[in-house]
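These notes are about the structure you will find just below.
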Amino acid sequence: MTSEITSSIARLFRERFNSKPRVFRAPGRVNLIGEHTDYNDGFVMPAAIDFATFVAAAARNDRMLVIRSENYNDERVFDLDETDPKPMRHWSDYVRGVAVVLERADHRLRGANLLIKGEIPLGAGLSSSAAIEVATALALLNVNRDSLPPLELALLCQRAENDFVGMRCGIMDQFISCHAQAGHALMLDCRSLAFRAVPLPPNVRLVICNTMVKHELASGEYNRRRAECEMGVKLIRRSIPAIHALRDVTMEQIRSLNSRLPASVARRCRHVVSENARVVEAAKALEESNLSRLGRLMTASHASLRDDYKVSCVELDSLVEIASAHQGVFGARMTGGGFGGCTINIVAEDHVEGFVGAVRQEYEIKHFMKPDVYVCTASDGAGEVTPA
Ligand code: GLA
């Protein structure tokens, strides 16, 4: 599959730019549990999926970036010497942001021709943004005969999104795109950035159901949640100065300080603190192959995101409801930032077909939209895939 795509993208590049490119791949992700915890120094447990973004690239002899997107059938040209580059609320911001941040980090770049083709559904909460950033960073570094270790690559791409695009995302998406291991989820501590690979049982599948409702994270709700968490930390510190992030707070402390926090802030904090505890337990449950336990934790995570963090929506809730009533489903919850996008379902292999059929039918009856359903395998992290 990947080799067909890489050959086709290399051909498209040759047709457009008349030279042979190198090709780089970065996967999207699905998060099994641990939502809105990464920017609170907490825990997450994502896996990379077998949808990816590909960037074909070759160096130029000047300082221009010529970027073509096959998905948008659009092309942009940027000068790396432009002073004070600004985002334009455009697909190219992710690519340009990476170039800007690389230069600011003293990686002097030559110009490059880039051709981008992505398979990750956009705005579906499967991290198409991190994938385009990571594949671009790999491409730009490599055509400049430069490189970075995976952790620095992930941090740099997060910086491009925080500082250039203006979305204050945590580290989860870029981290998993750079570090993923096939057949595994990663249990990641977003404070220390230590992680361990947790094998996924062979007899279950990760089934992703797309509400087809696009989220618009950068449009403010996400950054607003983040600000509420920061306010929570500030207010809790008045009583418990030793804490630095919601990661350091216990459920008992939240309960006892409840009356000193604005109601919405208390709820946001309660989600983050309870979710962190669920991720720790979920990793243990997965390691012990206790899928019913994992499923109960996923159900609780969804309820908490819906009721306390308020980032779900009716379409996500109904996909979870449909899934939970189906045989062979161990767990179902919304995944990613929320406000639309996808659910993740852990489904016994021999129930997958029936499950997919039921979701398609019941969701369409309720919402007059056909949901896309993807049966995924956990894939490897980003790298070079230049065809021979
Ligand atoms: C988005 C962000 C991540 C993370 C999730 C929510 O995907 O990019 O950093 O915060 O939302 O868990």
Side-chain angles (χ1 to χ4, degrees), residues 26-49 51 53 93-94 97-98 120-134 154-180 185-191 193 195 208 210-211 214-230 245-247 268 271-276 278-279 282 297-298 301-302 304-306 308-313 316 333-344:
R29 63 99 189 91
V30 67
N31 189 18
L32 303 192
I33 194 162
E35 223 64 83
H36 291 277
T37 44
D38 60 351
Y39 53 82
N40 289 298
D41 273 5
F43 301 101
V44 292
M45 199 163 62
I49 54 177
F51 286 141
T53 298
D93 286 351
Y94 296 98
V98 167
I120 308 167
L122 303 174
L126 300 177
S127 194
S128 55
S129 321
I132 196 174
E133 290 154 7
V134 171
L155 289 166
L156 185 131
C157 290
Q158 182 197 20
R159 218 152 54 233
E161 190 148 345
N162 289 173
D163 298 352
F164 191 78
V165 179
M167 152 83 172
R168 299 184 62 212
C169 66
I171 189 61
M172 169 168 70
D173 302 349
Q174 292 80 4
F175 192 96
I176 188 71
S177 194
C178 294
H179 293 85
L186 295 190
M187 160 63 165
L188 168 66
D189 178 337
C190 298
R191 171 171 275 169
L193 298 178
F195 67 98
I208 298 172
N210 190 343
T211 59
K214 286 204 178 188
H215 68 182
E216 254 306 337
L217 286 182
S219 71
E221 284 301 322
Y222 183 96
N223 288 352
R224 191 166 312 145
R225 292 298 178 287
R226 192 166 174 162
E228 285 172 321
C229 291
E230 283 162 2
L246 289 178
R247 155 74 172 274
R268 310 295 182 255
H271 163 71
V272 173
V273 173
S274 64
E275 183 80 348
N276 271 332
R278 282 188 288 271
V279 186
L297 292 160
M298 289 172 73
S301 165
H302 184 80
S304 175
L305 287 157
R306 180 191 61 211
D308 279 345
Y309 218 65
K310 297 233 187 289
V311 290
S312 188
C313 63
L316 283 168
R333 56 180 286 278
M334 56 156 276
T335 188
F339 310 105
C342 294
T343 60
I344 167 74

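In listed order, ligands and their atoms are each counted from 1. No hydrogens, no waters, no symmetry mates; every other heavy atom, side chains included, goes into these values.
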Is the closest heavy atom of Arg168 to ligand 1 under 4.0 Å? no
Which atom pair, heavy atoms only, marks the closest approach of Tyr222 to Asp38? OH-OD1, 4.2 Å
Okay, side chain of Gln158, backbone of Gly170: is any donor-acceptor separation there less than 3.5 Å? yes
Below 4.0 angstrom from a heavy atom of Asp38, which ligand 1 atoms are there? Numbered from 1 as shown, please. 3 (C), 4 (C), 9 (O), 10 (O)
Using a 4.0 Å cut-off to any heavy atom of Arg29, which atoms of ligand 1 qualify? 7 (O)
N-O pairing of Glu228 and Arg224 below 4.0 Å: no
Which of the numbered atoms in ligand 1 are below 4.0 angstrom from a heavy atom of Cys169? 2 (C), 8 (O), 9 (O)
Would you mind running through ligand 1 and noting each atom that sits below 4.0 Å from a heavy atom of Tyr39? 10 (O)
N/O separation below 3.5 Å, Met167 to ligand 1: no
Looking at Gly337, which atoms of ligand 1 are within less than 4.0 Å of one of its heavy atoms? 11 (O)
Show which atoms of ligand 1 fall inside a sub-4.0 Å distance from at least one heavy-atom site of Met172. 4 (C), 5 (C), 12 (O)
Using every non-hydrogen atom in the two residues, find where Asp173 and Ser127 come nearest and quote the distance to one decimal. CB-OG, 3.1 Å
Can you find an N/O atom of Tyr222 closer than 3.5 Å to an N/O atom of ligand 1? yes
If you count the atoms of ligand 1 from 1 in the order shown, which ones are under 4.0 Å from a heavy atom of Gly170? 9 (O)
Exercise: do Ser301 and Arg278 side chains pair donor with acceptor under 3.5 Å: no
Residue pair Ala185 / Met45: nearest heavy atoms and the distance that separates them: CB-CG, 4.0 Å
Minimum heavy-atom separation for Ala26 and Ile120, please, with both atom names. O-CD1, 4.4 Å
Taking all non-hydrogen atoms of both residues, which atom of Asp93 and which atom of Phe164 are closest, and how far apart? O-CD2, 3.5 Å
Give yes if a backbone or side-chain nitrogen or oxygen of Asn31 is under 3.5 Å from a nitrogen or oxygen of ligand 1, and no if not. no
